[in-house]
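The structure under discussion appears below in the form of C-alpha cells.
All values below were derived from every heavy atom in this structure, side-chain atoms included, with hydrogens, water molecules and symmetry-related copies excluded.
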Amino acid sequence: MKTATRTQVALALAYREVTVLVKNPSLFVPPMLFPLMNFIAFAGGLSRLTHIPGFSFRGGYTAFSFVFVLLQSAAFSGVFMGFNVARDFEYGFARRLFLAASHRTGIIGGYALAALLRWALVAIVLTVVALLAHMQIGGNGVDIVGLYTLAALLNFAGVLWATGVALRFRSTQASPLMQTPVFLTLFLAPVYVPLHLLQGWIHAVAKINPITYLLGAGRGFISGRPADVALAFGSGLAVAAAFSLWAFLGLKRAERAAS
C-alpha cells in the first residue's frame with residue numbers, strides 16, 4: 001500500500017482545517033474582528049499622537065498603526081490555529097491522524113499552511129478597510145511584498161509556537177499559554193510611537209524585542225523608506241527556526257503519548 005508523502009499529508013490536513021473554518025464561522029470571526037477593532041481604535045482614536053514632538057512618519061498615523069495591526073493579525077492567526085490543534089486532540093481526530101500519516105512532520109506543515117490561508121483572508125479584509133480609510137502608501141510594489149512577507153514569517157512563527165504548546169498539553173486549557181506570551185511580546189514593542197520616543201524600561205525591552213525590528217522594517221516598507229530590512233528578516237527567520245525546533249520536539253512528545 002502506497003503511503004502519503006509529507007506534502008500530501010500537509011495539503012490534506014490544510015484542506016480539512018480550511019473546510020472546518022468554512023463550516024464553522026465562529027472559529028473564523030474572532031481572528032477577523034480582533035485586528036479590525038484594533039485598527040479602528042489605533043488609527044482613529046490615537047491619531048493625535050502624530051503631534052508629539054519628535055514623531056515623524058511619512059505615511060501618517062493610519063499607515064503607522066496598520067503595520068502593527070497587520071503583524072498582530074498574522075501572529076494571532078497562527079496562535080488561533082494552535083487552538084485547533086489542541087481541539088483536534090480533545091476530539092480524537094489527532095490520534096486517528098497520527099495512525100494514518102506515516103510522515104508525521106507533514107502534520108505541522110498542514111497546520112502551518114492552514115494558518116497562512118486563514119491569515120491571508122484576514123489580511124485582505126484588513127487592507128481593504130485601511131485603503132477605505134485613505135491610508136497612504138509610499139512604498140512601491142517590492143516594498144509592499146516585503147511587508148506582507150514579514151507578516152507571513154511572523155504567522156509561521158506564531159503557528160509553530162502555538163502548535164508546540166498544543167502538542168505538549170493536547171488540551172484547549174493550554175490556550176492562555178499559547179496567546180499570552182505572544183500578546184506580551186507584541187505590545188512590548190513600539191506599538192503607538194516610534195522606538196526613540198519610548199522611555200524607561202519599556203525602551204530597554206523594546207530595543208531587544210525582535211518584533212521591534214519587524215515593525216521598523218514594515219513601517220519603512222509602507223512609507224517607501226526601507227530600513228533595517230536584513231535585521232528584520234534575520235530576526236524573523238531566527239525566531240521561526242527556534243519555534244520549528246520547539247514544534248517538532250512537541251510532535252515527538254505527542255507521538256510517544258499516542259503510542
Side-chain angles (χ1 to χ4, degrees), residues 17-18 21-52 55-81 83-84 113-159 162 179 182-183 185-187 189-194 211-212 214-226 232 236:
E17 292 299 317
V18 171
L21 287 176
V22 171
K23 293 182 178 180
N24 297 274
S26 61
L27 299 176
F28 180 70
V29 171
M32 178 71 74
L33 291 181
F34 184 56
L36 284 176
M37 292 174 63
N38 277 343
F39 177 68
I40 293 170
F42 295 168
L46 300 176
S47 59
R48 293 186 63 84
L49 288 175
T50 55
H51 299 296
I52 295 176
F55 193 118
S56 60
F57 185 72
R58 183 182 179 186
Y61 201 78
T62 299
F64 184 87
S65 59
F66 171 78
V67 174
F68 171 76
V69 176
L70 183 71
L71 294 181
Q72 181 191 52
S73 71
F76 274 99
S77 289
V79 169
F80 282 125
M81 185 54 63
F83 298 173
N84 288 24
L113 179 57
L116 181 63
L117 293 173
R118 169 193 273 184
W119 171 70
L121 294 175
V122 175
I124 290 171
V125 174
L126 186 60
T127 302
V128 170
V129 171
L131 292 174
L132 291 175
H134 305 292
M135 178 178 69
Q136 300 177 32
I137 300 178
N140 57 31
V142 175
D143 293 332
I144 300 307
V145 170
L147 170 60
Y148 285 90
T149 302
L150 277 178
L153 185 59
L154 190 55
N155 174 263
F156 186 55
V159 72
Q179 60 185 335
V182 176
F183 182 87
T185 302
L186 286 169
F187 279 90
V191 177
Y192 308 112
V193 295
I211 301 298
T212 297
L214 271 70
L215 272 174
R219 286 165 175 164
F221 281 136
I222 204 168
S223 66
R225 297 177 178 176

ask   = Quick one: are the ring centres of Phe68 and Phe187 less than 6.0 Å apart?
value =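 They qualify: ring centres under 6.0 Å apart.
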
query = Donor-acceptor pair, Tyr61 side chain versus Tyr192 backbone, under 3.5 Å?
reply =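 Yes, Tyr61 side chain to Tyr192 backbone: donor-acceptor pair under 3.5 Å.
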
Is the closest side-chain heavy-atom distance between [X] and [Y] below 4.5 Å?
{"X": "Phe66", "Y": "Thr127", "answer": "yes"}
{"X": "Phe39", "Y": "Val129", "answer": "yes"}
{"X": "Phe55", "Y": "Pro194", "answer": "yes"}
{"X": "Thr62", "Y": "Phe42", "answer": "no"}

Nearest heavy atoms of [X] and [Y], plus distance in Å:
{"X": "Pro35", "Y": "Val122", "value": "CG-CG1, 3.8 Å"}
{"X": "Leu150", "Y": "Gly218", "value": "CD1-N, 3.9 Å"}
{"X": "Ala151", "Y": "Leu71", "value": "CA-CD2, 3.6 Å"}
{"X": "Asn155", "Y": "Ala115", "value": "ND2-O, 3.5 Å"}

With sequence neighbours excluded, residues passing side chain to side chain contact (heavy atoms under 4.5 Å, CB included) with [X]:
{"X": "Ile144", "value": "Ile137, Tyr148"}
{"X": "Val18", "value": "Val22, Leu117"}
{"X": "Ser223", "value": "Phe57, Arg58, Arg225"}
{"X": "Ala114", "value": "Ala14, Glu17, Met81"}

What's the separation between atom [atom1] in [X] and atom [atom2] in [Y], rounded to the nearest 0.5 Å?
{"X": "Met37", "Y": "Met32", "atom1": "CE", "atom2": "CE", "result": "14.0 Å"}
{"X": "Phe80", "Y": "Trp119", "atom1": "CZ", "atom2": "CH2", "result": "15.5 Å"}
{"X": "Leu70", "Y": "Leu154", "atom1": "CG", "atom2": "CG", "result": "9.5 Å"}
{"X": "Gln179", "Y": "Leu186", "atom1": "CD", "atom2": "CG", "result": "11.5 Å"}
{"X": "Leu214", "Y": "Arg219", "atom1": "CG", "atom2": "CZ", "result": "11.5 Å"}

query = Please walk me through it: do Leu126 and Leu36 pass side chain to side chain contact (heavy atoms under 4.5 Å, CB included)?
reply = CA-CA 6 Å; Leu126 186 60; Leu36 284 176; 3.8 Å; yes

key: Step-by-step side chain to side chain contact (heavy atoms under 4.5 Å, CB included) determination, Phe64 to Ile222   = CA-CA 8 Å; Phe64 184 87; Ile222 204 168; over 6 Å; no

query = Under the side-chain hydrogen bond (donor to acceptor under 3.5 Å, both in side chains) test, which residues partner Ser65, sequence neighbours left out?
reply = none

ask   = Got a sec, which residues hit side-chain hydrogen bond (donor to acceptor under 3.5 Å, both in side chains) with Asp143, two or more places apart in sequence or on another chain?
value = none

task = Given side chain to side chain contact (heavy atoms under 4.5 Å, CB included), test Phe156 with Leu116 step by step and report yes or no.
result = CA-CA 7 Å; Phe156 186 55; Leu116 181 63; over 6 Å; no

